[in-house]
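First comes the structure, then the notes that go with it.
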Amino acid sequence: MSTFPVVSTGEDVTRQVLADHPDLMVVAFRFGAVGAEGALHHHPHIQSTFVESGRFRFTVGDEQTEVAAGDSFVIPTEAVHGCVCLEPGTLIDCFTPRRDDFL
């Protein structure tokens, strides 16, 4: 098992790879303040997101949805998505294949 560093991805947002394999990666995104953002972006990976704690407003494509602890969903490949933190917390994201740009 490897230990990966905590990386700042924006104001009050960090990312830490928890586990990786060429076919799959598990990543924790921690949001430390209301209003912290995961900027809109897209990538060729399929992403599943589990809300470990907190509350977030997610945009996926043209839809906005509020999610909270215990919720989970899948973001298709190349879908434009992002979130705004409504209550500080942690998202656990899985990517297939691995996000080599996070290593």
Side-chain angles (χ1 to χ4, degrees):
M1 296 204 141
S2 300
T3 301
F4 296 92
V6 174
V7 175
S8 176
T9 62
E11 189 172 339
D12 295 313
V13 183
T14 63
R15 170 184 80 218
Q16 184 177 27
V17 173
L18 302 178
D20 82 300
H21 176 277
D23 297 328
L24 179 68
M25 177 178 269
V26 182
V27 182
F29 287 90
R30 296 178 180 93
F31 291 76
V34 171
E37 292 188 41
L40 288 174
H41 65 286
H42 63 92
H43 46 74
H45 312 82
I46 298 171
Q47 173 181 332
S48 70
T49 296
F50 171 72
V51 184
E52 180 180 84
S53 60
R55 198 165 50 90
F56 301 85
R57 183 175 55 248
F58 260 86
T59 300
V60 179
D62 295 332
E63 295 186 30
Q64 286 193 348
T65 306
E66 284 193 23
V67 295
D71 291 338
S72 61
F73 53 96
V74 172
I75 299 169
T77 183
E78 296 298 350
V80 175
H81 61 284
C83 69
V84 175
C85 179
L86 303 175
E87 177 184 305
T90 301
L91 302 173
I92 304 297
D93 290 347
C94 295
F95 299 95
T96 183
R98 169 177 68 196
R99 292 282 307 256
D100 288 338
D101 56 320
F102 286 1
L103 295 177

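Computed over heavy atoms, backbone and side chain alike; hydrogens, waters and symmetry mates excluded. Given the structure is predicted, the values throughout are model-derived calculations rather than measurements.
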Could you tell me the separation between the [atom1] atom of [X] and the [atom2] atom of [Y], rounded to the nearest 0.5 Å?
X	Y	atom1	atom2	result
Leu18	Met25	CG	CE	10.0 Å
Glu78	His45	CD	NE2	9.5 Å
Thr90	Glu52	OG1	CD	5.0 Å
Cys83	Leu40	SG	CG	9.5 Å
Thr59	Ile75	OG1	CD1	10.0 Å
Ser53	Ile92	OG	CD1	8.0 Å

Work out which heavy atom in [X] is nearest to a heavy atom in [Y]; give both atom names and the distance.
X	Y	result
Asp12	Ala33	OD2-CB, 3.4 Å
Thr77	Pro44	OG1-O, 2.7 Å
Asp71	Val67	OD2-CA, 3.4 Å
His42	Ala79	CB-O, 3.6 Å
Pro97	Pro22	CB-O, 3.6 Å
Ala68	Arg55	CB-CG, 4.1 Å

Can you check whether [X] reaches [Y] side chain to side chain, under 4.5 Å on heavy atoms?
X	Y	value
Val51	Leu91	yes
Phe102	Phe95	yes
Phe56	Cys85	yes

Pair Phe73 + Phe58: ring centers closer than 6.0 Å: yes
Check: His41 ring centre within less than 6.0 Å of His81 ring centre: yes
Gln16 side chain vs Phe4 backbone, donor-acceptor pair below 3.5 Å: yes
Partner of Arg98 by side-chain hydrogen bond (donor to acceptor under 3.5 Å, both in side chains), out of Asp101, Asp100, Thr96: Asp100
Asp93 and its side-chain hydrogen bond (donor to acceptor under 3.5 Å, both in side chains) partner, picked from Arg15, Gln47, Arg99: Gln47
